[in-house]
Undergrad: 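This is the structure I want to talk about, given as structure tokens.
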Protein chains: 4
Amino acid sequence: MTTSSPSFPTTTRAWILPSSPTGPSSLTIQTLPLPPLGQNDILVHFRALSLNYRDISLSKGTYTRPALPNLIQGSDAAGCVLAVGPSVRLFKPGDRIMTTFWRDWISDGQDVRSFAGSDLGGNMEGAFREFGGFALHALVRVPESLDYREAAGLPCAALTAWECLYDRGDRHVRAGDTVLVQGTGGVSLFALQFAKGVGGRVVATTSSGEKEELLKKMGADVVINYREVQDWGVKVKELTGGVGADIVIDVGGASTVSQSLKAARIGTGTICLIGHLSGGHGEDVPNVWDVRQALCKVRSVAVSSRAQFEEMVRAIEGWGIKPVVDGKIWKFEEMKEAYEYLADGRHIGKVVVDVV
Amino acid sequence: MTTSSPSFPTTTRAWILPSSPTGPSSLTIQTLPLPPLGQNDILVHFRALSLNYRDISLSKGTYTRPALPNLIQGSDAAGCVLAVGPSVRLFKPGDRIMTTFWRDWISDGQDVRSFAGSDLGGNMEGAFREFGGFALHALVRVPESLDYREAAGLPCAALTAWECLYDRGDRHVRAGDTVLVQGTGGVSLFALQFAKGVGGRVVATTSSGEKEELLKKMGADVVINYREVQDWGVKVKELTGGVGADIVIDVGGASTVSQSLKAARIGTGTICLIGHLSGGHGEDVPNVWDVRQALCKVRSVAVSSRAQFEEMVRAIEGWGIKPVVDGKIWKFEEMKEAYEYLADGRHIGKVVVDVV
Amino acid sequence: MTTSSPSFPTTTRAWILPSSPTGPSSLTIQTLPLPPLGQNDILVHFRALSLNYRDISLSKGTYTRPALPNLIQGSDAAGCVLAVGPSVRLFKPGDRIMTTFWRDWISDGQDVRSFAGSDLGGNMEGAFREFGGFALHALVRVPESLDYREAAGLPCAALTAWECLYDRGDRHVRAGDTVLVQGTGGVSLFALQFAKGVGGRVVATTSSGEKEELLKKMGADVVINYREVQDWGVKVKELTGGVGADIVIDVGGASTVSQSLKAARIGTGTICLIGHLSGGHGEDVPNVWDVRQALCKVRSVAVSSRAQFEEMVRAIEGWGIKPVVDGKIWKFEEMKEAYEYLADGRHIGKVVVDVV
Amino acid sequence: MTTSSPSFPTTTRAWILPSSPTGPSSLTIQTLPLPPLGQNDILVHFRALSLNYRDISLSKGTYTRPALPNLIQGSDAAGCVLAVGPSVRLFKPGDRIMTTFWRDWISDGQDVRSFAGSDLGGNMEGAFREFGGFALHALVRVPESLDYREAAGLPCAALTAWECLYDRGDRHVRAGDTVLVQGTGGVSLFALQFAKGVGGRVVATTSSGEKEELLKKMGADVVINYREVQDWGVKVKELTGGVGADIVIDVGGASTVSQSLKAARIGTGTICLIGHLSGGHGEDVPNVWDVRQALCKVRSVAVSSRAQFEEMVRAIEGWGIKPVVDGKIWKFEEMKEAYEYLADGRHIGKVVVDVV
């Protein structure tokens, strides 16, 4: 156990978003002081950061609610512990850690109101910086099998996929379950990997031949090109011998959920809604009585708890899963370009920024 | 182990519905032959039968799908074993048993397609008769603490309430959970009793002072008169300190589900849809993106498995719960009158028909 | 749905054990009448049978309790449905089915006393015959991916392995869990396959280089030769970074359980006792306070329910697992030789007998 | 959110145990400095402390391992938050909190090695003091329905009882389960209350008529005087219709565990070992093959995680359970007398010390 020493940084550079932002160009890099290391603090040196669409929405001011003004942006990062306060025992200098999306969602049973408002980069100082002090409950160890870049994308995308498949531990995705994933975004690819990890069958939808290749290489049992098969929900049911998908991870919202309902297993299928709320009020959006008639379940998923994060870390080590990291790695100073790159949709897998 | 003997009945009287029925008056009582007792058969003497709204809908031809023509009606009955085939071991003459709503839904993991079409009184010969032969897997023992009349109402209403609270055993209603029940129908009253049994808090809605008394007497913590408090969903959230109900058992469909969504706990609330499909397409019916925004879960419930029925029997014994049986008990020959009585809504609790 | 017809067999040949048996040579083949097909009966044509050590013990009269005299032997078989009674709906002629070890253990919550005495080949007419009539609840469908020989070994060995890993569904073996299996018997090999199926890590013990090869080929992460490493329990803990095995499947009893206790994970490790009771009272056998000090759990496992069997069938299909069947397949008339072969321990995987 | 201010205490009085202690008289009261309030610290004013037998053993040097020298003693306390560091959001000044027994056991899946060595009063600075700084993850909110004295006894005794009944959430004690508790110690009384809360049946053993009264008043369905009925394990099985207890909470060790094994339900009964390790090697102590033959489960329980503590708090509020607090309340300065009082066994329920 080590306390702060003269060699530790006293300031950090960080990417800040002003009030009324207008897009990635609104981001500015600033140098901020670091508070002294307290009894229960953990000083972290971030080494890799990862972007989510939420970051872009926040930068444009189009997210469901705006970020607090002048807040450090970003929710996802991996780094190492530089120093710990005298009371800290679970982490020690040199340990590799990740941030959690909801800083204060520690265990499954916690009421939403207790951790609402604790999202990194939205309401809490975020992860897009070089250094920062954190409490123990806001950090999780990196899977031994992953490097910093691979780990950086777990806090939001991977944990969302995990929550879709485990429902706070109440339901375990099982061998023989069919999981339907849509596209090649982070959550979809993690869900594919996790489902294959337990012996599930994965049906994936995509629009391009290139992505079809990737999905098959990653283990998708069936890939449906939704441009060619517009009524793909029905197709999924056919391909599963009339059964349908046990779990549907719906990322498209208004444009996909009608088909998702057709794809879901009668009686027990669960559709997880994880997309943003854009366009949810078109005429085509099924209502709850369509859910009744389809004899299935619809649930809203918003990442998960630190407890589930720890379960996921253990599972990722067990499966030996490697997250898909986009081939282009960005530098800390290139953050705005990384935002634009993600916004353009030119990436495959998680977009990662290195911190030296 | 006993085989058939000369003293056993060879025919049974039964209530039959013709094709194209026009209401309870379409019912006719007929005498049908009983098949010989096979190796694995259990000959049952029914002693009490119980009616559900579904029976009325079937008699009117307004149910989601019509009953097979000339089928014995009814799903719910309790009786005793008269004789068993030579291979039967789990039941013996004298044992008290109940029917199951889905004759072939034995265990939780079974695919819906395997037991669809096995509903008593709709697709399978039903329970409104004096005698019948059944397989072991289609019967469940009566809780020791209940008599035939009390037990007769468990197969459909009680098991639906149970499934809302346990979700095939994946989720257990827990002490401290708030359960919202609507009205004084069978499912609502059983859900109230089960929730109180584990230490839950029950909020009930009703429209009359008399029923309010009953609900409070049965343990409801709060009763809301929905005629006086039209925005009762918001009221439920207020009454639970802003938390909302963990489980909402929605029986009203189009007329209630908007309020149910307001009443559900943010983050983890589950709305169970159990009502019939009437009027599900009004403008007020929330769509799945409303579910997304309410951060909750919506699921369709259609009774449950024999395995859950057994769990429920054990729990009912543990809690010492007594089902509410309407004060007016009908005779077997008065079946049509019993249908009309239920249709009129003059009852409280389960409507029961005695078989001598 | 088909009823009995003139072309169906009216007798079956079967392997019978007399009272006071003295070994496999006590077995006799007899021709027995088949009862008529009742309302709820399923007439089965067995195609492959599989032997367990229990069968040998029963034939020698050394099992914990003797078989009922003149009982058809055997618990494990796979076959196809020839005909069904008029009330049977879940199976139809041509369906492929397996027996269940406990004929009357239908669902998880059932009390032991209700199915004790329903073990095939011990207290109930067994499976070593050509034809037989069964109730629906006593049969389970064969995984689509398996042939009769592969399926024949599931009722006892595979379901025991499954129960060790799932505990009636209460605990799910998870990715990252370490499972310790001992030797190359049926239960151990199935447990190895199931654990690998979810992303578990498997440590196996064995005594020969040849079996070591097999275990590695089947996916064991580490194989320990217990002749070379006598204190292999300590070794397991070393090999798992000091953690120990989450689940230990102890098949050896007095000769292994001390090491199993050393191998189990501190705090949460579970040792499943599945071996016979021979030699359980030596000085080396740990007592319950050793369990207390090792901070772990010990449980007795005796196969599982039909509900778990169905879950396992689905998982086997999902994983695409192929059971290991010994290279030498025996004919129905060679049953005694098959018993001797198993007793000699010359086999690898399940010993199977064909029925033409 | 409030930071430290001039009015906050800078020192605390605390009860310290030296190296090589010889009993309660070894305790000394000392005044210690409080470290400054860091970013993630929570300054707590304890208001009620509660004693466990472990505290006495530690004071005598007879516990399984000695306390670190000169350590603040005690694991159980309830108090209120005086101030929080600027990063703390989940607690605010005025909130009522309790300590956790294992300071660093946050969530269920955590490996024992990560929190071993974090027990308050043994390896970590304990709770028997006026003030102290804690991290968020080491505190849990007090149930609204309890005062400080009632809450003070939850961290060790209640959470141990909870863990016996829920097994980290893997198994839920259910209505209809029979729970056997031994005596009137803290764990036994909490287990009784929790079991009754879900509709369980409780059998309790005791040696005196006075305690028999208490147990019955608290809801025990059957009380057995083990002085009169020496073979009480057999008696329990008789009283439960031959079934036995689903859960046995064994506090006596060598003197009780043989009877516990007789009392446990065949097939699924679980015996939770929670007593200290005294005398575990007598000839009467059953070994693991006795467990095999009894077809049950034995597990070692050592309190539980913060996540389970939170679940328990919610349940206690739901049930409205009031812990039993001994009638004699001690002052902070009377700590040695309180130790002696507990050691003498003159108390009923939890022994509590007030802090002004």
Side-chain angles (χ1 to χ4, degrees), chain A residues 3-4 34-43 84-92 95 100 102-111 113-119 123-125 132-141 166 168-170 172 304-315, chain D residues 3-4 34-43 84-92 95 100 102-111 113-119 123-125 132-141 166 168-170 172 304-315:
Chain A
T3 54
S4 148
L34 290 169
L37 191 76
Q39 285 287 118
N40 284 295
D41 297 342
I42 297 168
L43 179 62
V84 301
S87 291
V88 177
R89 212 177 134 273
L90 266 182
F91 291 120
K92 60 181 191 308
D95 282 355
T100 58
W102 296 106
R103 199 197 65 175
D104 291 339
W105 191 359
I106 304 174
S107 49
D108 293 348
Q110 219 173 303
D111 187 67
R113 295 173 305 162
S114 67
F115 62 81
S118 76
D119 50 312
N123 284 285
M124 292 282 124
E125 294 294 356
F134 287 83
L136 174 52
H137 75 266
L139 300 173
V140 169
R141 73 177 178 87
Y166 288 91
R168 297 184 177 201
D170 279 349
H172 287 225
S304 193
S305 69
R306 182 181 185 273
Q308 290 300 319
F309 200 164
E310 286 194 317
E311 295 287 327
M312 182 179 76
V313 163
R314 196 163 177 254
Chain D
T3 54
S4 148
L34 289 168
L37 191 77
Q39 285 287 119
N40 286 295
D41 296 344
I42 297 169
L43 180 62
V84 301
S87 292
V88 177
R89 212 178 134 273
L90 268 181
F91 290 119
K92 60 183 189 309
D95 284 354
T100 59
W102 296 105
R103 198 198 66 177
D104 292 339
W105 190 0
I106 304 174
S107 49
D108 294 347
Q110 219 173 302
D111 187 67
R113 295 173 304 161
S114 68
F115 62 81
S118 76
D119 50 313
N123 284 284
M124 292 283 123
E125 294 294 356
F134 287 83
L136 173 52
H137 74 266
L139 299 173
V140 169
R141 72 178 177 88
Y166 289 91
R168 296 184 178 200
D170 278 350
H172 287 226
S304 193
S305 69
R306 182 182 185 272
Q308 290 301 318
F309 200 164
E310 287 194 316
E311 296 287 327
M312 183 181 74
V313 164
R314 194 163 177 256

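A note on names: the letters A, B, ... follow the listed sequences, proteins ahead of strands, and every chain is numbered from 1. Just so it is clear, the values below take in all heavy atoms, side chains as well, and ignore hydrogens, waters and symmetry mates.
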Undergrad: Which heavy atom in A:L139 sits nearest to a heavy atom in A:T100, and how many Å separate them?
TA: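 The pair with the smallest heavy-atom distance is N-CG2, 4.5 Å.
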Undergrad: Below 4.5 Å, heavy-atom pairs only: which of A:D104, A:I42, A:D108 has the largest tally toward chain D?
TA: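 Among the listed options, the one with the most contacts to chain D is A:D104.
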Undergrad: With chain D, which of A:A135, A:G169, A:G133 has the greatest number of heavy-atom pairs at distances under 4.5 Å?
TA: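 Answer, by heavy-atom pair count under 4.5 Å with chain D: A:A135.
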Undergrad: Does the distance from a Lys or Arg side-chain N to an Asp or Glu carboxylate O, for A:D170 and A:R168, drop under 4.0 Å?
TA: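 Salt bridge: no.
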Undergrad: Under the side-chain contact (heavy atoms from CB on, under 4.5 Å) rule, collect the residues that match up with A:E125, sequence neighbours excluded.
TA: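 Only A:L71, A:I72, A:R129 meet the side-chain contact (heavy atoms from CB on, under 4.5 Å) criterion with A:E125.
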Undergrad: Using non-hydrogen atoms only, which part of A:Q39 is less than 4.5 Å away from chain D: side chain, backbone, both, or neither?
TA: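 For A:Q39, backbone and side chain are both near chain D.
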Undergrad: Hey, which of A:G117, A:P36, A:A138 has the most heavy atom pairs under 4.5 Å with chain D?
TA: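 Top count of heavy-atom pairs under 4.5 Å with chain D: A:G117.
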Undergrad: Can you say whether the rings of A:F115 and A:W105 are parallel (under 30°), tilted (30 to 60°) or perpendicular (over 60°)?
TA: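 If you compare the ring of A:F115 with that of A:W105, the planes turn out parallel.
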Undergrad: Quick one: what part of A:S305 sits under 4.5 Å from any heavy atom of chain D, side chain, backbone, both or neither?
TA: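 For A:S305, no heavy atom lies under 4.5 Å from chain D.
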Undergrad: So do the side chains of D:R306 and A:I106 get within less than 4.5 Å of each other, counting heavy atoms only?
TA: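 Sidechains of A:I106 and D:R306: in contact.
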